[in-house]
Amino acid sequence: MELRTLGNTGLKLSSVGFGASPLGNVFGPVSEKDANASVSEAFRLGINFFDTSPYYGGTVSEKALGKALKALGVPRSEYIVSTKCGRYVEGFDFSAERVTRSIDESLARLQLDYVDILQCHDIEFGSLDQIVTETIPALQKLKEAGKIRFIGITGLPLEVFSYVLDRVPPGTVDVILSYCHYSINDSTLEDLLPYLKSKGVGVISASPLAMGLLTESGPPEWHPASPELKAACKAAAAYCKENGKNISKLAMQYSLSNKDISSVLVGMNSVEQVEINVASATELSTVGKDEKTLSEIEDILKPVKNQTWPSGIQQS
């Protein structure tokens, strides 16, 4: 598994990151045995980056990931853990008091002494000025206390990142996590990459399958995409299947191709999913991506390219 440097942090993340939200039973029940097996197989195949949040499954994801990492029985320095603060099942709270309490709760659930990255979760739902003046200073104190190593922010609208980064001292925010903006149907994150690089900020991109749009089974009922976007993605998936290709693999490889993105985060809850995602990355580095089919899919998706949707339906 290729390792990529994350901004100025010095961390080297596996190009495929393990999204642990499914371990919170958010897409159906996952047994402790399956959770442990998924994390173990991911680690065995070279994935060293694991991302969770207290919001996922109402703290279930953090607990499951903590147990699974402990079961690995390897030194803490061999894996990188990211969790979040500010978004909880009971609602949003980016106050200094809540995020300070939040990390202690997360560390207890994860059975860790520190996390590598603590991210403010979906900041568009809070006051961005509060994030700048209260939340991030509170996270800096947690950094000084050794409970976290680096500070991040996540959100769906791309403009929230520059709003915050332009208002905090350089080097304060180490990483951003963007989702659904670097996949075959929407590559708008690309326009922000030079700016993020100039700020020394590392980039993690989540949801390369666009929350299910770029899959053979299609998105869940609640997916907020427009009917036109859903129809185009369905047509692209059908075209791939007819031609003996898998749209999800192509989507993973498309997202992995940009080396300015340190890790592509994808939710996993089974050994099979882990193996498919790692195989996509391995094939990309050895054979390269299927340019012909990708080009044909991009033609199908061209009328809806970069069409986004309102944030607030699903978690990042």
Side-chain angles (χ1 to χ4, degrees), residues 1-24 30 32-54 56-57 59-85 102-119 121 142-143 146-152 154 174-177 202-206 252 256 261-271 273-282 285 316:
M1 178 66 61
E2 180 191 0
L3 299 178
R4 298 179 183 176
T5 302
L6 181 67
N8 291 341
T9 64
L11 296 177
K12 291 189 180 295
L13 272 55
S14 49
S15 59
V16 175
F18 188 106
S21 70
L23 302 189
V30 181
E32 185 176 325
K33 183 183 174 188
D34 285 345
N36 288 3
S38 304
V39 169
S40 174
E41 182 68 352
F43 186 77
R44 188 184 74 80
L45 293 175
I47 292 176
N48 71 350
F49 175 48
F50 299 86
D51 176 88
T52 183
S53 165
Y56 301 150
T59 74
V60 173
S61 170
E62 283 189 326
K63 290 171 189 164
L65 181 61
K67 283 180 183 173
L69 290 172
K70 188 156 193 163
L72 290 176
V74 300
R76 171 67 181 88
S77 57
E78 290 193 22
Y79 52 83
I80 293 161
V81 178
S82 166
T83 194
K84 306 183 182 79
C85 63
S102 187
I103 187 60
D104 289 332
E105 294 166 353
S106 290
L107 290 175
R109 287 189 287 261
L110 288 162
Q111 303 180 57
L112 297 174
D113 296 325
Y114 68 91
V115 293
D116 299 278
I117 307 166
L118 182 63
Q119 307 180 79
H121 196 172
L142 297 176
K143 194 174 180 178
K147 293 179 180 182
I148 70 175
R149 294 177 67 197
F150 300 105
I151 295 169
T154 88
D174 303 290
V175 55
I176 67 109
L177 190 161
V203 182
I204 297 162
S205 179
M252 268 298 288
L256 285 165
I261 293 168
S262 298
S263 191
V264 174
L265 200 54
V266 60
M268 308 185 219
N269 61 9
S270 69
V271 167
Q273 286 177 358
V274 170
E275 288 173 344
I276 288 168
N277 290 320
V278 171
S280 296
T282 306
S285 60
S316 66

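Atoms considered below: every heavy atom in the structure, side chains included; atoms not considered: hydrogens, waters and symmetry mates. None of the values given here were measured: they were computed from a predicted structure.
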Tell me, do [X] and [Y] make a side-chain contact under 4.5 Å, heavy atoms counted?
X    : Y    : answer
S15  : M1   : yes
S82  : D116 : no
D113 : L107 : no

Which pair of heavy atoms, one from [X] and one from [Y], lies closest together, and at what distance?
X    : Y    : value
F49  : I204 : CZ-CD1, 3.7 Å
E32  : K67  : OE1-NZ, 3.6 Å
R149 : L11  : NH1-CD2, 3.4 Å
L6   : V175 : CD1-CG2, 3.9 Å
V30  : P22  : CG2-O, 3.3 Å
L112 : V115 : CD1-CG1, 4.5 Å

Just verifying a value: how many Å separate [X] [atom1] and [Y] [atom2], rounded to the nearest 0.5 Å?
X    : Y    : atom1 : atom2 : value
L65  : K70  : CG    : NZ    : 13.5 Å
M268 : D34  : CE    : CG    : 15.0 Å
Q119 : I176 : CD    : CD1   : 9.0 Å
L13  : I47  : CG    : CD1   : 11.0 Å
L265 : S14  : CG    : OG    : 9.5 Å
I80  : L3   : CD1   : CG    : 8.0 Å

List the steps and the verdict of side-chain contact (heavy atoms from CB on, under 4.5 Å) for L69 and Q111.
-> CA-CA 9 Å; L69 290 172; Q111 303 180 57; over 6 Å; no
Return yes if some donor-acceptor pair links the side-chain N/O of [X] with the main-chain N/O of [Y] below 3.5 Å, else return no.
X    : Y    : result
T282 : V278 : yes
R4   : S263 : no
T154 : L177 : no
T59  : P54  : no

Check step by step if side-chain contact (heavy atoms from CB on, under 4.5 Å) holds for L118 and T83.
-> CA-CA 5 Å; L118 182 63; T83 194; 3.8 Å; yes
Looking only at side chains, do S38 and N269 share a donor and an acceptor under 3.5 Å apart?
->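 The answer is no; no qualifying pair exists.
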Using only heavy-atom distances, determine whether the side chains of E62 and S106 contain a donor-acceptor pair under 3.5 Å.
->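 Note: E62 and S106 side chains meet the donor-acceptor criterion.
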Sequence neighbours excluded, which residues qualify as ring pair (Phe, Tyr, Trp, His ring centres under 6.0 Å) partners of F50?
->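 Scan of F50 (ring pair (Phe, Tyr, Trp, His ring centres under 6.0 Å), adjacent residues dropped) gives F18.
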Quick one: list whatever passes salt bridge (Lys or Arg N to Asp or Glu O under 4.0 Å) with E105, sequence neighbours left out.
->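 Only R98, R101 meet the salt bridge (Lys or Arg N to Asp or Glu O under 4.0 Å) criterion with E105.
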D104: side-chain hydrogen bond (donor to acceptor under 3.5 Å, both in side chains) partners, not counting sequence neighbours =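 By the side-chain hydrogen bond (donor to acceptor under 3.5 Å, both in side chains) rule, D104 matches K147.
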Check the pair V81, R76 against side-chain contact (heavy atoms from CB on, under 4.5 Å), reporting the backbone distance first and the verdict last.
-> CA-CA 10 Å; V81 178; R76 171 67 181 88; 4.1 Å; yes
Checking side-chain contact (heavy atoms from CB on, under 4.5 Å) for the pair S262/T5: CA distance, chi angles, key distance, verdict?
-> CA-CA 6 Å; S262 298; T5 302; 6.0 Å; no
